[in-house]
Each structure stands twice: as structure tokens, then as C-alpha cells.
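Here's the structure, in C-alpha cells; my notes come after.
Computed from a prediction, not measured in an experiment: that's the story for all the values here. The chains referred to below are lettered A, B, ... by the order of the sequence lines, with proteins before strands, and numbering in each begins at 1.
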Amino acid sequence: MPDSNNINVEFTLNGNPISIDVAPRDRLLDTLRYALDLTGAKEGCGEGECGACTVYLDGVPANSCLIPTYQVSGRAIDTIESIPADALSDMLASGATQCGACTPGVVMTACWLKRHPELLKTHTVRELMAGNLCRCTGYDGIIDGITDGCQSNYDRGNAS
Amino acid sequence: MRRIERDYPIASVGGDIGLPADDPECPARGNTERTEFGRVAMGAVLDMLEEAKDLDSPTPRWVQSIGNQRGVGSQPTSTLMHCPDERPSARSPSSCKPDASRRQSKRADQPAPEVCVQRLEGISKLTGRERYVDDLPFDDALWGMTVRTRVPRGRIRQIKFGSAVDWAEFVVVDHRDIPGPNEVFLIERDQPVLAADYTRHMHEPVVLIAHPDREMCRRAVADVQIIVDEEPPALDYRLPAGPEQIQRNNDNLFKVLKIEKGNTERALEQAAHVVEGLYETGAQEHVYIENQGMIAWVEDGVVVTKGSMQCPYYVVNALKHALNRDESQVRVIQTPTGGGFGGKEDYPSNLALHAALLALKANRPVKIIYDRPEDMAATTKRHPAQTRHRTGFDSDGKLVAQHIDVTMDGGAYVTLSPVVLSRGIIHAAGPYACDNVLIDGRAVLTNAVPFGAFRGFGAPQTLFALERHMDVCAAQLGIDPIELRRINLIRDGQTTATGQVINDGTDRTAVLDQAAQAIRFREKQRAHESFNATEPYLRRGVGLACFWHGAGFTGSGEVALKSRLRVQGHADGRVEILSSSTEMGQGTWTVFTQIAAEHLGIAPADIIITTPDTSRVPNSGPTVASRTAMVVGRLVERACDDLRQSLGLDNATRGEAVTAAIRAWHNTNADQSLFGEAQYEKPPGINWDDDTYEGDAYGTYGWATYAAEVEIDLRTYTARVIDFVAVQEIGKVLNNTLARGQIQGGVAQGIGWALLEECKWELGGMKNCQLTNYIIPTSADLPPIRVAFLENAYAHGAQGAKGIGELPMDGPGPAIANAIADAIGVHANIIPLTPERIMGMMDQTHA
Ligand code: FES
Ligand code: FES
């Protein structure tokens, strides 16, 4: 609906500048999904519990259901649509996805974690993934996919 | 349970990955079988299997695999982990395409464990490209929403529309807009599509609203008031209904069932020991991560509904009935479905009707997407149940009599309660032999939101009671709990409670022994003794549960369904599978593709499968009851045979010869369609009597033993599972990754049901309709779930498969309750064993 209270926001989305009018109540999740047709991020709970709506806010995973869109003005948002398929073969092989509803969020956190291996000095993978609920896999497939990925990074690192 | 905040401290140290081996919170800590990542050390597994081989049990034809890993260990794994289709056999290896589908070896010096066909839609799910119902672009669609009564029982006197919104902007539907009978077509037709003048539960839908703006819909829903003359609700299924609470017949009973074998009363009188117990299990919410949703529109006079569902033909039947249309005037299309677990078996019929009624009136597409609170409040859940056991043993610990009494809360409408009760009582006596069994079951009407299908379908409830009771019996008889089970496990040639002769060649004792070995039951018992004596605040225990799960529809269900399936040979030589069986995460597409590819000897890439559209696919029966791979998969094989027959080929013809023949057929029959078809045929020798509840309740059963180790913190009364082993015989494993995933996911749901997931009730409605206070397990709440399959091919299942999906829900509850009883000596007869409940039990025990 056209709304006279609409606010214009400019931010970086998957590396490209974007300008869009939003209502003050619009959540980033809705703007992405319904206004920009980036439907990868899902709504599982709408209250910051499930992580299905995970995007990167300035490079850090965040629940887009909890972020009013107008607040991301000037910030960088990256969504699951920015993740290349070839980064995900370990997770495919390990059975990290079943129904796929949690998966975009899981992948966002997992990819971030793989880029920050130093976190594993202080936290377990199971702890780091605890913000993404999955009802299908029992998490083993997800954890295996991440540790396999870390392992192959590790192997590559050692080899070079 | 704790959730981890996202603002992790990011250490500035670069370099190698640090492993959290000594993290005090790592669930794997202190468990010698695990390596740093919580994996099972392969050496230990090999040792265990060696030990297991020393037992008189595993027969050579069983292929075994254990552990949740796929070979990133230091030992060769190819002998353990297997891809069934990779074994040397008469089958062509062509379904395992070496290029695309094989898992790449991580290190050159290790043999790569094989994966037959990787999840077909896996990459599109991982990259977020899969389009679920709420992801579909519909520019001109209206949003639909539902007004509910909020009163558990009473006569609807008035509906008041307020003045907060301009009602001229809205499409409004009530029961008067229903063209046909105001009934949701299911087993019975007692549930109205929209309540007309009476409400039987809190979330009964009365009025539907549609508007282009979702927020406006929300405002409008809040602007409707439903005035109800309240009547006394029946809210506790465990108590007999008072006269003023009676709403069905004279007893509020939906269904009463009985199984009788031998003379139980007399056997109980003569038994050396009689042990009694009362057990209870709570409701459980499915929490599929994709909420329910449906879009409806009218196209050339046909009502089309498209959405998240398990059973497209249930929806077809519901639309036909209430919209008063014949089958050619309704069309149902499944969208990729983000989990079901039974929760999308029957409820999508209600939702499709709601969306269709709005679309018919609006003459525009209407989209109803529940948010989480509405989904949790209004849709079905697992039936709460109470089970009483009275069990007789002879002086050697042999079962001589089982009297089992099961009561289930059915909620406000019949939905699937009669069949849930049926599966529940058939499983109630468990995988044991006993000559005298009497099982009484009833499903009771209450004014709670209707209960429905949930993975396991009544069996987890009765098996919780049985397997917790077996430990109670063992303690009273002074017999070791594993030994008591071993004495009584059913052997080939013996009969179940319904008189079915079990004769499948499965060594059930081996399943039990392997689980006990794998969790190191005896060693842990000894280790816990000293641990519990020295630790001030922590207590550990170990427990197991032995169980079975019937695969496919109960009794004559499959015969009544007459499921059909088609394959179509396309002009380019590819073969499409046309089936109403749905993919909802469990792997239908992948497994069907694998079955067809292997059966025809063609590459998986030459098989087409997509979301069912009832204008194209026949009714293959609902996607429930662990029947898809086994029963419908067999139809895939037979339809492929039929296709070959239409081409004049024999069943030995495979590969390029088949695709060439398909192309040649199209060359001579331009613009025509080539099909192969199959319809369910009852395997010979299976007989069931619905009136006496006697005979072959299921074509076959999966057999399993699950074992759990728990740790309880006496400061918080929190129990957590620190090790879990799931050993099962499920016929042939068709796809190792998918099968393991089914077991691990089911076990996780079972652990949630046992420890965390509690529906809080108020006037028959769920109060905690949020993921904030209805707690499902996170990754940090679970240990690695170690899985082993023993294989014994089932002659009538596709490629020897039995059902697998529901089985893993049955074992965790009792195994965990037994482990908690072992650790702290409480009775643990009710789940979920939340901290509050454990505290109460400990206070009682120590009072
Ligand atoms: S939808 Fe955002 S956390 Fe669940
Ligand atoms: S794959 Fe279904 S919720 Fe995670």
C-alpha cells in the first residue's frame, strides 16, 4: 500500500547499492522477500529464535526478522543469494539439508563460521550453530558438513 | 535451553583451526569414543564391531554401519560404510554416477565412501533458490486471514464487525459461502470448514478475511468479535466426562478398540509376578520450520490450490466435498514443503478450503500463510496419552500376560484419532512374545484443538509406556533389564498380540546386543557408579529401549488405498515418475529416482520427478506411515516394468536399449503419450480382520534398540543426553545419507519430546505458541547421534526396503527416561522430563 509515512533507505545489498521506499514497520526480512524478491531468507518464527531469516549485517550474521529496514541505511546486507553453489558441496554430501526451510539460515551461519576458524578456539561448532534451529536433520549432517569444510580449508592451508 | 547470542568474541588469532576438545560444554567431553569434533573414533567402532561379532548374533548377510561420520577418520571405512548399490551384485552400477554423485575423497590415501544419488534438490535448497509457497510471486494475490472463536465450547450467538477498518475494502467469508456441505472430508465429517453456530475448541475458524495488505488483515481480524454463550468444556481426557461435558454419544468416545489373545485375566492370576505401572506422554508440536501456507485461485472454472502439504489427494477430496465439485473442477499442486512430520497430513485440507473460499468470493488469488503463533495454536499436535500396564511373568522372567490400557486425547474433532489409536495399541505390547495379551484402547473427545498425525502415529506413546515399564519390571524382578528383554524378544515362528506370525529371519537379539555394545552399556554402568559417588552435582545414567515399527498402512489400509503410480517415457528418452507422493525433506525424489534409475539401468539424470500436480499424477496414497520408499517405491519398479512391456521389451532390458526404445516409440507415435502404470497389489499371505483386530497388522516391521546416556545437573535439575546410539534393522538401506538423516532427525525430535517440548494448556489451547517458550533442541542440546543399520531385505519393498521415517521417534523417550531413572532413582514415568518435573520427582522420591 502506498503510505505517506514511507521512508527512503539506501544500503548495499549483495555488493550493489540500492535505494528503496519502505514503511517504518517493514522488517528487513519482508523487504527482502516481498519487495526485492530475494526469497532465500525464510520466516520460521518472526522473533529471533530460529535463524531461518539469517543475513549478514556488515558481514556478521543477524536475524533479519528483528531488523526494521529503515535501520540498515548506509549498512551492508548480504543474503543467501550471494553464496556460490560450489561452496556447498560438503554440506550436500553430509546431508546438511532435508526439507530446506532452515537451510538458507544454516548456510549463512556456517559460511561465516568457516571464514572465522578462530572461533573454534573458544566455541564448539555445536555452540556456534545453536542459533539456527533445524527440525529435520538432528544437526549431525550440518555439523559434519561444516567440519568437513573446515577440514578441507585446513588441508588446503597446509598444502600451500 | 540456552541459545547462543550472535555477538561472538572474535579472537584475533589467525592460523589453524582450533579444536574445542577441552571445551567444558562440548557434549562430547569425557567420552572416550569421540574425537575432537564429536565424531566416533573409527578404531573404537571397529573394536566394537569385533566384539559384536563374538556374540552369537550378527548373521553374515547383514551389512553393518555405525557412527554418524562418513569416513573422515584414520581407518579404512569402506567395509563399514556402504552404499547398497555399490556392492558387487547383479545390479548395474549405473545409478551411481561416478562423476556427479560420488562423494569426493578428502584425502588421497583414503577410499571414498560412496553416496548413490545425492539429494536431487539439495543444491537449490542450500542456495536458497527453492521456492516454497510463501516465496512464490503473486502480484495480484490477496492475503487471507482467519478469525477464531477463542472460546473452547459454546453456541455462537453473534459476530460483531467493528469500525476500526473500512470493511468495504475486505473480502469476508463465513459458513454461508460454502457451496457444499460444511464439512472437512476425512475419516468422519464432524469438523466444519467454518464454525456456523457452535464452537468446540479455542481456535475454531469462523470468519475469513482477505485484503491486499497483510497488516490490514491483522487489524481487521482484531476488529471482529465473536460472541459465544459458553458451555462447560471437557478438558482432561484422563477423567470421565461429567454429564454437562458430554458432546458425543453418551461417553465422549471417538473410538474404542480391543486386541485380545489368550486369557489374560487367568494368566495374571497364575503369574509368579505381576507388575503394574502408569505412564503418560504429553502433546508435541511438529515445528516444521516452514509454517503452513496455501494459495488458491480459480482458472477456467477449476479451483486450484497450491501449497505446503503431504497428501495432495486428501486436499482434492476435501475440496470436492465442501465446494460441491467433481474431480475435474479441482486441482491441487504441492509446493516444496519445509517439513511435515504428520503435521501437514490433514490440516492442509482445512487451509486449502479456506483459501479456496476466499478466492472464489474475491475472484482473485488468495494466499494464506500462517505465522508461527497461529500455526502452533491452530494446527494439530501429537495425541497426549496415558497407558496402564499390568504384566505377569513366570519365575524365569518370561512374559505370561500383558494387560495394557491406553487412553488418548483426541481433541475436539475425530480427524485421524481412530487410526492413531489403532497403530498405538497394535504397537503397545512391543517386540515381545507373550501368549496372553489384552489391550484396551480409547480415543476421547475433549475441547482441545484437534490432535492429529505426528511421526510415529500413536506408537511412540504406547512404546514409551511399554519400554519404561520393562525397566520397572526388571527392577522388581531383580533381573538385568537387557536380560529381561533378551528373554522375551519375539523369535521367528512366534506370534504378536494380533496373532501375526513373525518369520522374517531378523535376529532381534543381535539388534539389542549391538546397541548395548555400541554404547558400552556395562562399562558405563560401572563407570557411573564411581562417577555418581564422587561428583557433587552431576549424576549419570544409561538406559535403552527395544521396539518395533510396522511399515505402511495398518491392516487392510493399503488394500483400501489401491495406490496407483505412472511413469511416462518422454520423446527425448527420459522417464518421468508421476506420483502423488510428496518430497518434504525425507528424500522421496532422490529415492524414487534412484529406484527407477537402477530398475531401468539408466542414469539418474534421465529420470524426471517434480512436485505433484493432481491434474497430472494419479493417487499414490498419502505420504505418511513410512510407506513411500517401501510401498510406493515398489510401484515405481512395477510401473517401469509396465513401461518396458508397452515397448515390447522384457524386464532384462536395461539402459540405452530402454531409452532408445522410448525415442523410437515417439518417432512412430508422434504427439502421443507413453506410460507405464502400476497399482498396489497385496503381497500374498497377508491377512487382516478389521472386526476382530486379528491377523497381519503390517506387511513387515522395522526392529530397533536405542540406547542413551544422560547427565543430570542436580543444581538445575536439567537432564541432557551425552551419548546416543540407534541400531535398527529396516530392510535394505537405499541411500545411506538419507537413511542416516531420517534416523538422526527422528531421534532429535524424540529427545526433544523426552526432555524439552511441553505444550502448556489453557482451556484446551496451547499457551506457549512461540519458539521462545516451546523449546526444541538446538545443536548445542544434542550429542552426535550414532546410527547403525542391520540389513535384511524385505521381499515386497522396493529394492528390499522397509519403512524408516517413523521408527526413530519411538525409542528416544523410553531410553532417556530409563537412563534418568538409572541416574537418580526416580520413577520417570511421564515425559517430557523437564527440569520442573525432574525436581518434583526427586522431591517425591526423597520425601
Ligand atoms: S524468523 Fe527470524 S529468527 Fe526465526
Ligand atoms: S532441513 Fe528441515 S528444518 Fe532443517
**Report entry** chain A contact via B:Glu290 - side chain, backbone, both or neither, heavy atoms under 4.5 Å
**Finding:** both
Query raised in the report: Do the charged groups of A:Asp26 and B:Arg214 touch, with an N to O distance under 4.0 Å?
Result: no
Requested in this report: Quick one: do B:Tyr288 and A:Cys136 satisfy side-chain contact (heavy atoms from CB on, under 4.5 Å)? Show the steps, please.
Outcome: CA-CA 8 Å; B:Tyr288 28 71; A:Cys136 297; over 6 Å; no
Query raised in the report: Under 4.5 Å between any side-chain heavy atoms of A:Arg126 and B:Leu782, yes or no?
Result: yes
Query raised in the report: Where does B:Val747 contact chain A at under 4.5 Å (heavy atoms): side chain, backbone, both or neither?
Result: neither
Report task. Give the C-alpha distance, both sets of side-chain angles, the deciding distance and a yes or no for side-chain contact (heavy atoms from CB on, under 4.5 Å) between A:Ile143 and B:Ser779. Result -> CA-CA 8 Å; A:Ile143 306 294; B:Ser779 51; 4.2 Å; yes
Requested in this report: Return yes if some donor-acceptor pair links the side-chain N/O of A:Gln98 with the main-chain N/O of B:Gly741 below 3.5 Å, else return no.
Outcome: yes
Requested in this report: Compute whether any side-chain donor of one residue and acceptor of the other, for A:Glu47 and B:Thr772, lie under 3.5 angstrom apart.
Outcome: yes
Report task. Calculate, to the nearest 0.5 Å, the distance between atoms SG and CE belonging to A:Cys99 and B:Met584 respectively. Result -> 10.5 Å
Query raised in the report: Looking at B:Arg131 and A:Asp37, does any basic side-chain N land under 4.0 Å from a carboxylate oxygen?
Result: yes
Query raised in the report: Does one side chain, of B:Asp135 or A:Tyr34, offer a donor that lies under 3.5 Å from an acceptor on the other?
Result: no
Query raised in the report: A:Tyr139 side chain to B:Pro783 main-chain N or O, any donor-acceptor pair under 3.5 Å?
Result: no
Report task. Look up atom OG1 in A:Thr97 and atom CD in B:Glu121, then write down how far apart they are to the nearest 0.5 Å. Result -> 7.0 Å
Query raised in the report: Which bit of B:Thr127 comes within less than 4.5 Å of chain A, counting heavy atoms only: side chain, backbone, both or neither?
Result: both
**Report entry** Salt bridge A:Arg33-B:Asp134, side-chain N to carboxylate O under 4.0 Å
**Finding:** yes
Report task. Take A:Arg27 and B:Asp371, measure what salt bridge (Lys or Arg N to Asp or Glu O under 4.0 Å) needs, and give me the verdict at the end. Result -> CA-CA 14 Å; A:Arg27 307 174 301 172; B:Asp371 61 13; over 6 Å; no
Query raised in the report: Which is it for A:Glu127 and B:Thr778 under the side-chain contact (heavy atoms from CB on, under 4.5 Å) test, yes or no, and what are the steps along the way?
Result: CA-CA 9 Å; A:Glu127 288 173 330; B:Thr778 69; over 6 Å; no
**Report entry** Contact origin within A:Thr137 toward chain B - heavy atom pairs under 4.5 Å
**Finding:** backbone
Query raised in the report: Is A:Arg135 reaching over with its side chain to a backbone N or O of B:His286, donor-acceptor style, under 3.5 angstrom?
Result: yes
Report task. Working to the nearest 0.5 Å, report the span between CD1 of B:Ile775 and CD of A:Glu49. Result -> 6.5 Å
**Report entry** Interface residue of largest heavy-atom contact number with chain A, from B:Pro137, B:Ala748, B:Gly745, B:Pro336, under 4.5 Å
**Finding:** B:Gly745
